[in-house]
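Below is one structure; the comments refer to it alone.
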Amino acid sequence: LVSWEDLRLPAEETAAIAASRGITDRNLLRTLQEQSTGWIAGVTLMLERLRGGASLEALGRGEALDTVFDYFAGLIFHNASDKMREVLMKTAFLPRVSIALAAAVTGESNAIEYIEDLHRRHLFTDRSVGGEITYQYHALFRAFLKSKASIAYSPEECRSIAGLAACQLQIQSQPEPAFALFVEADEWNDAERILIALAPQLLAQGRWQTLSQWIEILPQDRLDANPWVRYWHGRSLSAVRPREARSILASAFESFSKHGHKDGQLL
């Protein structure tokens, strides 16, 4: 038996294939490996897109992966029942899917059975067994399912699904993926709350880039309105861009002073 694990390309082989086609940029190679998860057809198709002038940012978009998406559609999606399609599209908003999360996001108590069926058939779905069994869609397959969701549901419905998924992740003490989904749902109050709560931990772990990127995702009016967001933005940049950080922290200090927040001023 030759399994998927035997066929999966490690990062070194992906890099070698890319190098044979003149692509050696580390960021591109990292994205190729993350998106393809070692699936050689995905690597090949994305390399062709890159050679044709596609950008790194375009790799994950549906229009840049139409050939890959056609493959998924023919192999899996068109042959699935309406209920299975709904379960797959809604659970694709989650980075990892457990029995409880699948049921909560879809409203179907047996939703996980559809995902288990894909895993059993070795169709772009990985399973991890730890404290609980969880499933993860192949990155390209997840992008395909979310592309289908954007067609099947209105923008308001997509934001609602993302918001529901974020709330469920919060309940299960998974704040980082919850933040990304609150952003996707345009639930800025919840996204800010998670950011401010996790900021000290992220800095303590040396993850200032993650914190800075999170803050830069927020709309400008949110940055202007909340001095705590500006404070953590300044802190995240203080070691690498100190002049910019000083300006941001000075602005935060002025807001703290204006509203009488002594703890913010002291920090």
Side-chain angles (χ1 to χ4, degrees), residues 1-11 13-14 30-46 59-60 62 65-153 158 161-162 164-166 168-169 171-174 176-178 180-181 184:
L1 175 65
V2 180
S3 72
W4 160 237
E5 292 303 325
D6 299 315
L7 295 172
R8 187 195 301 266
L9 296 173
E13 289 180 343
T14 299
R30 188 182 308 111
T31 300
L32 275 173
Q33 187 66 18
E34 289 172 354
Q35 292 282 348
S36 69
T37 325
W39 177 41
I40 192 168
V43 170
T44 302
L45 290 165
M46 286 193 288
L59 274 186
L65 296 168
D66 51 0
T67 309
V68 181
F69 283 11
D70 286 346
Y71 173 81
F72 290 138
L75 181 67
I76 301 169
F77 208 70
H78 290 165
N79 297 320
S81 66
D82 291 343
K83 185 59 67 179
M84 183 175 187
R85 292 180 192 177
E86 183 179 355
V87 166
L88 296 181
M89 288 187 293
K90 288 183 175 179
T91 54
F93 284 80
L94 295 160
R96 300 197 72 88
V97 188
S98 65
I99 294 173
L101 284 172
V105 170
T106 64
E108 298 288 334
S109 59
N110 65 335
I112 204 70
E113 294 176 9
Y114 295 105
I115 303 171
E116 168 60 28
D117 178 61
L118 291 182
H119 171 71
R120 192 165 52 247
R121 292 157 58 199
H122 307 290
L123 293 176
F124 305 98
T125 308
D126 293 328
R127 181 172 66 178
S128 299
V129 180
E132 63 177 342
I133 296 174
T134 60
Y135 298 84
Q136 183 175 25
Y137 295 126
H138 183 297
L140 291 174
F141 185 44
R142 185 183 177 207
F144 163 76
L145 291 174
K146 292 192 74 174
S147 174
K148 286 295 183 183
S150 70
I151 297 170
Y153 304 120
C158 286
I161 297 167
L164 174 60
Q168 293 301 318
L169 288 170
I171 291 170
Q172 296 201 5
S173 301
Q174 299 183 52
E176 291 195 38
L181 281 168
E184 193 170 341

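Numbering of residues begins at 1 and proceeds along the displayed sequence.
Ionic pairing of K90 and E86 is present here: one or more N-O contacts between side-chain nitrogen and carboxylate oxygen are shorter than 4.0 angstrom.
In this pair, F141 and Y137 present their aromatic rings perpendicular. The plane angle is above 60°, beyond the 30 to 60° band. The aromatic rings of W39 and Y71 sit tilted, their planes meeting at an angle between 30° and 60°.
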Counting only pairs under 3.5 Å, give me each side-chain donor-acceptor contact of residues 99-114, with atom names and distances, residues two or more places apart or in other chains.
{"residue": "T106", "atom": "OG1", "partner": "A102", "partner atom": "O", "Å": "2.6"}
{"residue": "T106", "atom": "OG1", "partner": "E108", "partner atom": "N", "Å": "3.1"}
{"residue": "E108", "atom": "OE2", "partner": "K83", "partner atom": "NZ", "Å": "2.9"}

Quiz: residues 122-129 side-chain donor-acceptor pairs under 3.5 angstrom, not counting sequence neighbours:
{"residue": "T125", "atom": "OG1", "partner": "L123", "partner atom": "O", "Å": "3.0"}
{"residue": "R127", "atom": "NH1", "partner": "E116", "partner atom": "OE1", "Å": "3.2"}
{"residue": "S128", "atom": "OG", "partner": "R96", "partner atom": "NH2", "Å": "2.6"}

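The two residues G42 and L140 make their nearest non-hydrogen contact at CA-CD1, 4.1 Å. Residues L169 and P95 come closest through the heavy atom pair CD1-CD, 4.2 Å. Closest approach of F93 to A149, counting heavy atoms only: CE1-CB, 4.0 Å. Listed here is the closest heavy atom pair of T134 and S98: CG2-CB, 4.1 Å. Across Q35 and M46, no two heavy atoms sit closer than the pair CB-CE, 3.8 Å. Smallest separation of non-hydrogen atoms from R142 and A92: NE-O, 2.6 Å.
Within a 6.0 Å sphere centred on CD1 of I40, other residues, nucleotides and ligands contribute 12 heavy atoms or fewer.
Within the model, atoms CD1 of I151 and CE of M89 stand 9.5 Å from one another, a figure rounded to the nearest 0.5 Å. Here the NE2 atom belonging to H138 is positioned 13.0 Å from the CG atom belonging to L118, to the nearest 0.5 angstrom. Rounding to the nearest 0.5 Å gives a distance of 5.5 Å between CD of E184 and CG of L181. Atoms NZ and NZ, from K146 and K148 in turn, are 16.0 Å apart once rounded to the nearest 0.5 Å. To the nearest 0.5 Å, the span separating CZ on F72 from OG on S147 amounts to 11.5 Å.
Side-chain N or O atoms of Q33 include one that pairs as donor or acceptor with a backbone N or O of L9 at under 3.5 Å.
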